Amino acid sequence: MLFQRMTDWPTWGGLRPFEELERMRRQMERLTEGLTRGLWREPISGVFPLLNVTEDKENFYVRAELPGVKAEDLELSVTGDSLTLSGERKIAAEDENARYHRREREAGKFSRIVTLPAQVEPAKVEASCADGVLTVVLPKAEASKPKTISVKSS
Amino acid sequence: MSVAESKALQAREKAEVSAPAEQTRPGLVFTPAVDIFETEKEITLLADMPGVKSETLNIHLHENVLTLDGDVEPPEGPGEVDVLREYRTGKYYRQFTLSQVIDQDRIEAGMTDGVLRLILPKVEEATPRKIKVKSK
């Protein structure tokens with residue numbers, strides 16, 4: 001350590017007084033690094049349901065995992081570039097005499113609005129629910145589709 | 001049949017299995033949320049496994065250890081590019097130890113809307129019997 005060398009700090013029997021501090025600082029660094037990595041890995045909004053949005057040349061695809069939600073309990077509406085998804089997850093009550101060992105599944109209402117990066121055609125939006133996964137296909141509006149421009153050589 | 005009181009659902013990140021048995025295939029493994037309840041005759045297990053088809057779900061019961069193992073195919077088609085990714089997809093895996101003796105021949109399982117409903121009937125001896133006390 002530079003400081004130690006400059007002041008000719010005594011080393012007590014091979015123990016360096018600043019080594020412990022240095023080790024703690026490194027540990028703290030590793031801890032905060034781990035924390036932020038965990039936080040930024042998945043930027044989630046915290047609003048139910050969590051959504052995955054993908055796109056190809058023609059469409060946007062919005063997917064959500066909604067196990068146990070029936071199609072009739074879901075409400076979707078599209079305007080311009082935003083999709084509103086709301087509904088309710090119901091869990092039917094079971095036999096009154098049933099003794100619960102575990103209860104991890106939750107029921108409740110949800111509503112979420114997601115803004116898409118471009119305009120879509122609301123009339124052509126299609127939604128389907130299979131195995132508890134909702135898929136909404138939103139065709140892009142003509143104006144927001146990518147166009148190929150050929151370069152002319154003179 | 002009453003329905004649980006409606007409240008706003010909170011988003012929960014899927015719980016990843018931290019230390020499962022060593023996986024032979026790459027990919028993420030998640031723990032499905034379950035409800036387990038018991039009546040006099042049977043034990044019912046409900047598990048949220050969105051994306052799992054009935055063909056890709058394996059249920060094993062071996063020496064009182066129940067294993068749920070569901071494969072999920074990535075739903076994205078070819079040529080799709082991520083815009084926003086809030087959840088990841090992968091296998092579901094969970095094991096339970098059953099304390100009661102289960103009648104293995106009468107186990108019923110069904111998948112509806114990504115929810116597994118597994119009915120494990122208890123064997124006759126394990127169901128409690130009421131014993132009438134005769135008074136002389």
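Quick note on labels: first sequence line is chain A, next is B, and so on, each numbered from 1. Treat the numbers as computed from the prediction; the structure is a model and nothing was measured.
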field: Contact origin within A64(A) toward chain B - heavy atom pairs under 4.5 Å
entry: backbone
- request: Step through the shown structure and confirm whether more than 12 heavy atoms of other residues, nucleotides or ligands are within 6.0 Å of CD on E96(A).
  value: no
- line: K53(B) meets the salt bridge (Lys or Arg N to Asp or Glu O under 4.0 Å) criterion, sequence neighbours left out, with D131(A)
message: Checking the side chain of N97(A) only, and the main-chain atoms of T39(B) only, is there a donor and an acceptor separated by less than 3.5 Å?
response: no
message: If you count heavy-atom pairs within less than 4.5 Å of chain B, which of H101(A), E55(A), R105(A), K70(A) leads?
response: R105(A)
query: Checking heavy atoms, do the side chain of Y100(A), its backbone, both or neither come under 4.5 Å from chain B?
result: both
message: Grouping I, L, V, M, F, W and Y whenever their side-chain heavy atoms are under 4.5 Å apart, do V137(A) and L84(B) come out in a common cluster?
response: no
- prompt: Can you find a heavy atom in the side chain of K109(A) that is under 4.5 Å from one in the side chain of L9(B)?
  reply: no
message: For the NZ atom on K147(A), are there more than 12 heavy atoms of other groups (residues, nucleotides or ligands in this structure) within a distance under 6.0 Å?
response: yes
query: For the hydrophobic clusters of this structure (ILVMFWY residues joined by side-chain heavy atoms under 4.5 Å, transitively), does one cluster hold both L134(A) and I113(A)?
result: no
message: Looking at H60(B), I'd like to know if its NE2 atom is crowded, meaning that more than 12 non-hydrogen atoms belonging to other residues, nucleotides or ligands lie closer than 6.0 Å.
response: yes
message: Assigning hydrophobic clusters by single linkage (Ile, Leu, Val, Met, Phe, Trp, Tyr; side-chain heavy-atom cutoff under 4.5 Å), is L76(A) placed with L66(A)?
response: yes
message: A side-chain contact here means heavy atoms from C-beta on lying under 4.5 Å apart; do F96(B) and R102(A) qualify?
response: yes
- request: Taking the side chain as every heavy atom from C-beta outward, state whether E86(B) and V114(A) have any atom pair closer than 4.5 Å.
  value: no
query: Listed by residue number, which members of residues 110-118 of chain B have a heavy atom under 4.5 Å from any heavy atom of chain A?
result: D113(B), G114(B), V115(B), R117(B)
- prompt: Would a 4.5 Å heavy-atom cut-off, applied to side chains only, mark E65(A) and Y87(B) as touching?
  reply: yes
message: If you count every heavy atom of other residues, nucleotides or ligands that lies below 6.0 Å from Q95(B) atom CD, does the total exceed 12?
response: yes
query: Under the 3.5 angstrom rule, does the side chain of R103(A) hit a backbone N or O of I36(B) as a donor-acceptor pair?
result: no
field: Taking every non-hydrogen atom, the tightest pair across G132(A) and P50(B)
entry: O-CB, 3.7 Å
- request: Please examine the side chains of N52(A) and E76(B), heavy atoms only from C-beta on, and report whether any two atoms are closer than 4.5 Å.
  value: yes
field: Atom NZ of K124(A) with >12 non-hydrogen neighbours under 6.0 angstrom
entry: no
query: Any donor-acceptor pair under 3.5 Å linking the side chain of E104(A) with the backbone of V34(B)?
result: yes
task: Give a yes or no on whether a salt bridge exists between E80(B) and R63(A), defined as a side-chain N under 4.0 angstrom from a carboxylate O.
output: yes
task: Let me know if L45(B) has heavy atoms under 4.5 Å from chain A in its side chain, its backbone, both or neither.
output: neither
- prompt: Would a hydrophobic clustering, with Ile, Leu, Val, Met, Phe, Trp and Tyr connected at side-chain separations under 4.5 Å, put I43(B) with I59(B)?
  reply: yes
message: I'd like to know which of T89(B), V52(B), V72(B), T44(B) tops the heavy-atom pair count under 4.5 Å against chain A.
response: V52(B)
statement: Per-residue tally against chain B (heavy atom, under 4.5 Å) across V62(A), L116(A), L51(A) peaks at L51(A)
query: Counting only heavy atoms not in Q27(A), do more than 12 fall under 6.0 Å of its CD?
result: yes
message: On a heavy-atom basis, which atom in P117(A) and which in V83(B) lie closest, and how many Å separate them?
response: CG-CG1, 3.7 Å
task: Using the rule that two of Ile, Leu, Val, Met, Phe, Trp, Tyr join whenever any of their side-chain heavy atoms come within less than 4.5 Å, decide whether L83(A) and Y61(A) are in one cluster.
output: no
- prompt: Out of curiosity, I91(A) CD1 to L46(B) CG, how far, rounded to the nearest 0.5 Å?
  reply: 8.0 Å
P78(B), part contacting chain A, at a heavy-atom distance under 4.5 Å: neither
